[in-house]
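Values below: every heavy atom of this structure, side chains too, minus hydrogens, waters and symmetry copies. Numbers restart at 1 for each chain; the letters A, B, ... are given by sequence-line order, proteins then strands. The model shown is predicted, which means the values in this text are computed figures rather than measured ones.
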Protein chains: 2
Amino acid sequence: MFQVFFTHLQEKVVLSANEQALIKTYFTPKKLRKKQYLLQEGDVCRYFVFVENGLLRSYNVDEKGNEHMIQFAWEGWWMGDIYSFLSGELSTYNIDSIEDAELLMITLAGFEEMMLKVPVMERYFRILFQNNIISKERRLINSISYSAEEKYTRLAAANPQLIQRIPQNLIASYLGITPETLSRVRKNLSNKK
Amino acid sequence: MFQVFFTHLQEKVVLSANEQALIKTYFTPKKLRKKQYLLQEGDVCRYFVFVENGLLRSYNVDEKGNEHMIQFAWEGWWMGDIYSFLSGELSTYNIDSIEDAELLMITLAGFEEMMLKVPVMERYFRILFQNNIISKERRLINSISYSAEEKYTRLAAANPQLIQRIPQNLIASYLGITPETLSRVRKNLSNKK
DNA sequence: AAATGTACTTGATCTAGATCAAGTGCATTT
DNA sequence: AAATGCACTTGATCTAGATCAAGTACATTT
């Protein structure tokens with residue numbers, strides 16, 4: 001259950017057996033079936049979760065009922081509404097699973113205590129967040145700078161696994177375009193070849 | 001020269017006088033005149049910089065010559081191309097100053113050594129990056145979910161200082177809309193009142 | 001196996017925002 | 001003080017992508 005987790009941690013920091021054992025105690029495993037919610041808007045995000053396997057998504061729903069994909073997370077990724085998690089404010093996010101998933105969950109109290117007891121986790125999260133900023137910044141540049149077709153081809157180039165694994169209508173939403181436009185963009189690209 | 005800097009640090013972590021003295025040694029002060037470059041595309045981003053005062057911007061320039069604002073940074077903010085800084089790869093970013101600025105610069109070697117010598121800086125940057133993720137995620141949601149008018153009003157609500165301090169054409173670029181559209185949006189909003 | 005639902009495609013139309021173009025008012029340079 | 005150059009505005013037109021609508025193909029439920 002902690003296999004992917006510790007593999008992922010050890011890619012960024014070195015952990016002793018003692019530290020690993022201690023870290024484990026802060027997490028609660030949880031299984032989530034396809035389509036089940038982990039968080040619904042209006043609730044507080046009480047857990048920051050690591051995905052051992054499976055696939056989750058987070059999204060907002062606007063006044064017209066349209067979903068806007070914020071993030072996808074599969075094996076080795078973290079998921080949550082960090083703002084709500086840290087501040088205790090109500091979340092506007094929905095989080096549910098696209099595929100059956102196994103998760104490791106930590107509360108805010110656990111998160112904070114773990115940092116004090118296992119200081120190397122400060123380093124781990126510093127590096128994790130650092131990388132996250134880089135990818136969010138890229139997505140942002142993509143979003144403000146390019147046409148629908150370019151957004152898609154750049155995403156496909158930077159993140160081919162995402163294209164294979166995520167349904168097309170969710171990719172469209174992730175890019176901020178309609179499913180119809182994405183369908184036409186793809187048709188267009190396949191004709192070009 | 002380090003006033004804003006240590007005030008900012010102490011908002012997030014506690015530092016002894018010794019730690020402060022040691023931290024200082026890793027930074028080089030620099031003054032940057034209005035319109036001067038700190039980084040040009042094609043160069044490697046050798047410094048991560050803290051803005052003591054003044055105002056910087058980072059942006060990409062696309063094939064058509066259009067600028068796309070990535071970030072603004074004034075007193076108390078950090079600026080750089082984190083990806084290029086950490087990886088040593090060439091940057092696509094340009095960074096220059098909108099207002100005369102005083103900066104504190106650290107190299108990658110300095111950054112890494114500082115983390116080892118003053119471990120509480122891991123915590124500082126973890127918290128800094130954490131907050132940065134929250135604001136980038138908001139900007140991203142704004143970008144994929146809303147109309148030009150909504151993008152502007154939401155930015156103005158979340159970040160009124162930005163509206164006051166940044167020229168309108170740069171705000172337009174930051175939002176991913178044209179200056180003409182932003183001008184019309186503002187006219188429209190002032191008529192509504 | 002039938003029925004229902006959902007993802008995706010394709011076509012027709014509409015519209016928000018881009019583009020192009022000209023004009024105004026400041027600020028900076030000479 | 002004149003001249004040059006931006007930032008911003010306003011108008012006219014164009015277009016990429018949204019919306020609306022219908023049809024097809026799987027997948028899931030009953």
Grab the [atom1]-[atom2] distance between [X] and [N] for me, whole Å please.
X	N	atom1	atom2	value
A:Asp100	D:dT28	CG	P	11 Å
B:Leu182	D:dC8	CG	C1'	10 Å
B:Arg165	D:dA7	CZ	P	18 Å

Q.
Under the ring-ring contact (aromatic ring centres under 6.0 Å, His included) definition, can you give me all pairs with a residue in residues 89-140 of chain A, not counting sequence neighbours?
A.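 Pairs touching residues 89-140 of chain A that pass the test: A:His8-A:Tyr124, A:Trp78-A:Phe125, A:Phe85-A:Phe111, A:Phe111-A:Phe125, A:Phe125-A:Phe129.
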Side chain [X], main chain [Y], donor-acceptor under 3.5 Å:
X	Y	result
B:Ser97	B:Asp100	no
B:Ser135	B:Asn132	yes
B:Glu19	B:Ser16	yes
B:Ser183	B:Pro179	no

Q) Where does the chain B footprint on DNA chain C start and end, counting 5' to 3' with a 4.0 Å heavy-atom cut-off? A)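 Nucleotide range with atoms under 4.0 Å of chain B: C:dG17 to C:dC20.
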Q. Which residues pass the salt bridge (charged side-chain N to carboxylate O under 4.0 Å, His left out) test with B:Arg165, sequence neighbours left out?
A.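 Scan of B:Arg165 (salt bridge (charged side-chain N to carboxylate O under 4.0 Å, His left out), adjacent residues dropped) gives B:Glu75, B:Glu99.
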Q | Relative orientation of the end axes in the helix from C:dA1-D:dT30 to C:dT30-D:dA1, expressed as an angle to the nearest 10° (five pairs per end) | A |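 About 50° separates the two local helix axes.
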Q: Say whether A:Ile106 and A:Tyr83 are linked into one hydrophobic cluster, either directly or through other cluster members, by side-chain heavy-atom distances under 4.5 angstrom.
A: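 Yes, A:Ile106 connects to A:Tyr83 through the hydrophobic network.
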(Q) So which atom in B:Ser143 and which in A:Ile144 form the shortest heavy-atom distance, rounded to 0.1 Å? (A)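 That would be OG-CG2, 3.9 Å.
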Q: For DNA chain D, determine which residues of residues 167-181 of chain A have any heavy atom closer than 4.0 angstrom to one of its atoms, and list them numerically.
A: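 Those residues whose heavy atoms fall under 4.0 Å from DNA chain D, taken from residues 167-181 of chain A in numerical order, are A:Gly176, A:Ile177, A:Thr178, A:Glu180, A:Thr181.
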Q. Is the shortest side-chain N to carboxylate O distance from A:Glu150 to A:Arg154 below 4.0 Å?
A.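 Here A:Glu150 does not pair with A:Arg154 in a salt bridge, since their nearest N and O are not under 4.0 Å apart.
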Expected list for residues 44-61 of chain B: side-chain donor-acceptor pairs under 3.5 angstrom, two or more places apart:
unit_1: B:Glu52; atom_1: OE1; unit_2: B:Val4; atom_2: N; d: 3.4
unit_1: B:Glu52; atom_1: OE2; unit_2: B:Val4; atom_2: N; d: 3.1
unit_1: B:Glu52; atom_1: OE2; unit_2: B:Phe5; atom_2: N; d: 2.7
unit_1: B:Asn53; atom_1: ND2; unit_2: B:Glu102; atom_2: OE1; d: 2.9
unit_1: B:Arg57; atom_1: NE; unit_2: B:Asp96; atom_2: OD1; d: 2.7
unit_1: B:Arg57; atom_1: NH1; unit_2: B:Glu67; atom_2: OE1; d: 3.0
unit_1: B:Arg57; atom_1: NH2; unit_2: B:Tyr59; atom_2: OH; d: 3.4
unit_1: B:Arg57; atom_1: NH2; unit_2: B:Asp96; atom_2: OD2; d: 3.2
unit_1: B:Ser58; atom_1: OG; unit_2: B:Gln71; atom_2: N; d: 3.3
unit_1: B:Tyr59; atom_1: OH; unit_2: B:Asp96; atom_2: OD2; d: 3.0
unit_1: B:Asn60; atom_1: OD1; unit_2: B:Thr92; atom_2: OG1; d: 3.1

